[in-house]
Amino acid sequence: MDLVEARSRLAAEMERRGDWPERAPWIRAAVEAAPRDEFAPDRLWRWDGDGYAPVDRTVDEGAWVSLVYSGPDDAAVTQVVDAVPTSSLSCQAVVVDMLDSLLLEPGHRVLELGTGTGWNAALAARRAGPGNVVSIEVDPDLAERARKALAAAGLDVSVEVGDGAAGRASERPWDRVISTYAVERVPWAWIAQVRPGGRVVTPWGRLGHVALTVADDGRSASGWVQGLATFMPARGTPAERRFGDVRGDAAAGEERGVVRDLAPLCDDAHLLFALRVVLPEVRVRAARDADGVNAWVHDGDASWAVYSASAGGRTTLYQGGTRRLGDELEAAWDRWIAAGGPGLYDHGMTVTPDTQYVWAHHPDTGPRSPTTT
């Protein structure tokens with residue numbers, strides 16, 4: 001598949017799915033003017049089942065093109081450090097969705113946090129205009145490569161090396177801030193550096209992105225969840241412990257039968273998001289086999305639970321550690337059902353200098369998650 005065909009095929013698939021936002025036709029025009037392959041490095045990385053293997057454009061251009069243009073929901077890994085992916089060319093559908101959420105207008109001053117390949121900055125610059133986009137990248141090599149790609153595309157974007165968590169102080173406040181990596185807590189600096197009425201779009205909790213509007217008094221920002229996707233965390237974030245690391249060889253402290261249908265743990269993104277909100281440190285993984293749905297739950301510390309399906313439709317819950325995570329998960333699940341099963345887009349976030357919380361339905365009267373201080 002050549003590049004022209006690959007670009008056309010991806011654009012057509014996004015059109016078929018309704019991924020091109022009607023209110024922001026400029027985004028599709030920007031993608032066509034600055035296609036993602038122009039910002040992809042010549043070496044990409046592909047998971048081969050055991051680890052990440054390099055795919056070099058000079059060796060197999062067809063394979064390289066296939067990675068760049070796999071599909072609307074597929075990212076291309078652009079950097080691997082110590083066998084762990086640390087940067088990627090984000091999937092096109094999510095990039096488009098986040099730019100749509102930004103409500104970007106010509107002349108807006110934009111601060112981007114996490115330059116990566118430079119592609120997102122390029123698209124923003126095509127809307128905001130020359131000299132209006134500043135991008136911060138913690139990795140000097142990535143920053144330099146992005147500068148070259150942006151210059152080759154004829155775009156006036158400033159790429160600086162620094163820690164995105166601090167934002168970037170400016171004589172005039174920014175109109176828009178967009179982060180391309182996930183945070184558990186939105187840094188107050190990002191809010192404080194944006195004008196009242198300005199907008200901050202960022203992935204939260206590696207699960208979805210939120211769009212926050214800064215209040216008129218500048219003392220808070222609030223807004224709705226905009227979409228669901230998995231994002232890389234900020235550079236330097238400790239790797240999450242795996243289920244096996246938490247459980248080790250410990251025996252279960254309790255076991256009991258389960259009659260609940262566990263299929264939603266595989267299929268219902270709205271439930272999984274809601275569980276993530278109320279149990280932010282808990283990780284849930286579920287999968288089907290011939291006997292039914294199995295699930296593995298842990299808190300990254302010392303507690304774990306396993307839902308094990310067996311022949312005949314029976315499921316057993318095994319729990320260990322200082323907490324009973326299966327009980328907590330099921331109680332949170334029941335509260336979600338009792339609340340009417342609020343979906344992803346029924347949730348929002350409020351950030352103040354001292355607190356951050358996720359709410360459902362309404363920022364003032366809706367139920368809130370545990371406050372992050």
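Only a predicted model underlies this, so the values are computations on that prediction, with no experimental measurement involved. When reading the values below, keep in mind they use all heavy atoms of this one structure, side chains included, and skip hydrogens, waters and symmetry mates.
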| request: Not counting sequence neighbours, which residues clear salt bridge (Lys or Arg N to Asp or Glu O under 4.0 Å) with Arg127? List them please. | output: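 By the salt bridge (Lys or Arg N to Asp or Glu O under 4.0 Å) rule, Arg127 matches Glu105.
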| Residues which pass salt bridge (Lys or Arg N to Asp or Glu O under 4.0 Å) with Asp97, listed by chain and number, not counting sequence neighbours |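 None.
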| field | Crowding at CZ, Arg242 (>12 non-hydrogen neighbours, <6.0 Å) | value |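 At most 12 heavy atoms, drawn from other residues, nucleotides or ligands, come within 6.0 Å of this atom.
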Mark yes or no for whether [X], through its side chain, and [Y], through its backbone, hold a donor-acceptor pair below 3.5 Å.
X: His209; Y: Thr202; result: no
X: Arg283; Y: Pro280; result: yes
X: Arg147; Y: Val159; result: yes
X: Asp82; Y: Val84; result: no
X: Trp20; Y: Ala11; result: yes
X: Glu13; Y: Pro72; result: no
X: Ser222; Y: Met349; result: yes

With the 4.5 Å side-chain cut-off for hydrophobic clustering, are [X] and [Y] part of the same group?
X: Leu3; Y: Leu44; value: yes
X: Val31; Y: Met14; value: yes
X: Val284; Y: Trp204; value: yes

Modelled atom types, side-chain donor and acceptor of [X] and [Y], under 3.5 Å:
X: Asp139; Y: Gln79; result: yes
X: Ser220; Y: Thr352; result: no
X: Ser135; Y: Glu112; result: yes

| query | Out of Asn120, Val95, Asp74, Thr78, which residue meets the side chain to side chain contact (heavy atoms under 4.5 Å, CB included) rule with Leu89? | reply |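 Exactly one candidate clears the test, Thr78.
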So which atom in [X] and which in [Y] form the shortest heavy-atom distance, rounded to 0.1 Å?
X: Leu150; Y: Gly118; value: CD2-O, 3.5 Å
X: Val80; Y: Thr86; value: N-OG1, 4.3 Å
X: Val110; Y: Ala128; value: CG2-CB, 4.1 Å
X: Gly114; Y: Glu137; value: C-OE1, 3.8 Å
X: Ala339; Y: His361; value: O-NE2, 4.3 Å
X: Val278; Y: Ala332; value: CG2-CB, 3.7 Å

Which residues share a ring-ring contact (aromatic ring centres under 6.0 Å, His included) with [X], sequence neighbours left out:
X: Tyr52; value: Trp47
X: Trp333; value: none
X: His347; value: Phe273

| task | With sequence neighbours left out, write down each residue that passes side-chain contact (heavy atoms from CB on, under 4.5 Å) with Asp156, or none if nothing qualifies. | result |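 Per chain and number, Asp156 pairs via side-chain contact (heavy atoms from CB on, under 4.5 Å) with Pro130.
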Please report, to 0.1 Å, the donor-acceptor pairs under 3.5 Å made by any side chain of residues 304-318, with sequence neighbours excluded.
from	atom 1	to	atom 2	distance (Å)
Tyr307	OH	Gly326	O	3.3
Tyr307	OH	Glu330	OE2	2.6
Ser310	OG	Arg314	O	3.2

| Test side chain to side chain donor-acceptor pair (under 3.5 Å) applied to Arg324 - qualifying residues, sequence neighbours left out |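 With neighbours one apart ignored, the set is empty.
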| task | Just jot down the side chain to side chain donor-acceptor pair (under 3.5 Å) partners of Gln92, sequence neighbours excluded, or say none. | result |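 By the side chain to side chain donor-acceptor pair (under 3.5 Å) rule, Gln92 matches no residue at all.
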With the side chain counted from C-beta on, respond yes when [X] and [Y] share a heavy-atom pair under 4.5 Å apart, and no when they do not.
X: Asp37; Y: Val65; result: no
X: Arg109; Y: Arg172; result: yes
X: Ser179; Y: Val201; result: no
X: Trp336; Y: Asp268; result: yes
X: Thr180; Y: Ser90; result: no

Could you tell me the separation between the [atom1] atom of [X] and the [atom2] atom of [Y], rounded to the nearest 0.5 Å?
X: Arg36; Y: Trp119; atom1: CZ; atom2: CH2; result: 4.5 Å
X: Glu281; Y: Ser303; atom1: CD; atom2: OG; result: 9.5 Å
X: Leu262; Y: Leu329; atom1: CG; atom2: CG; result: 9.0 Å
X: Ser66; Y: Asp60; atom1: OG; atom2: CG; result: 8.0 Å
X: Glu160; Y: Ile136; atom1: CD; atom2: CD1; result: 4.5 Å
X: Trp45; Y: Asp56; atom1: CH2; atom2: CG; result: 8.0 Å

| query | Can Asp267 and Arg288 be said to form a salt bridge (charged side-chain N to carboxylate O under 4.0 Å, His left out), step by step? | reply | CA-CA 11 Å; Asp267 305 327; Arg288 288 183 174 86; 2.5 Å; yes
| task | Kindly determine whether Ser369 and Trp359 satisfy side chain to side chain donor-acceptor pair (under 3.5 Å), including the steps that lead there. | result | CA-CA 6 Å; Ser369 71; Trp359 40 264; over 6 Å; no
| request: Enumerate the residue pairs fulfilling side chain to side chain donor-acceptor pair (under 3.5 Å) with a member in residues 291-302, sequence neighbours excluded, ordered by first and then second residue. | output: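 As it turns out, the side chain to side chain donor-acceptor pair (under 3.5 Å) pairs with a partner in residues 291-302, which skip direct neighbours, are Asp289-Asn294.
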Going by atom type alone, with no hydrogens or angles, which donor-acceptor pairs under 3.5 Å involve a side-chain atom of residues 188-200 and a protein atom two or more places apart or on another chain?
from	atom 1	to	atom 2	distance (Å)
Trp190	NE1	Gly164	O	2.8
Gln193	OE1	Arg168	N	2.7
Gln193	NE2	Ala166	O	3.1
Arg195	NE	Asp175	OD1	2.6
Arg199	NE	Ser101	O	2.5
Arg199	NH1	Thr213	OG1	3.2
Arg199	NH2	Ser101	O	3.3

| Mind checking who shares a hydrophobic cluster with Val4, ILVMFWY linked at side-chain heavy-atom distances under 4.5 Å? |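 None; Val4 is a cluster of one.
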| request: Please test Asp2 against Arg7 for salt bridge (charged side-chain N to carboxylate O under 4.0 Å, His left out), starting from the C-alpha separation and ending with a verdict. | output: CA-CA 9 Å; Asp2 64 21; Arg7 293 171 182 171; over 6 Å; no
| request: Test salt bridge (charged side-chain N to carboxylate O under 4.0 Å, His left out) on Asp19 and Arg17 and set out the steps. | output: CA-CA 6 Å; Asp19 288 337; Arg17 301 191 336 170; 2.8 Å; yes
| query | Run the side-chain contact (heavy atoms from CB on, under 4.5 Å) check on Glu328 and Leu275 step by step: do they pass? | reply | CA-CA 10 Å; Glu328 292 185 36; Leu275 292 175; over 6 Å; no
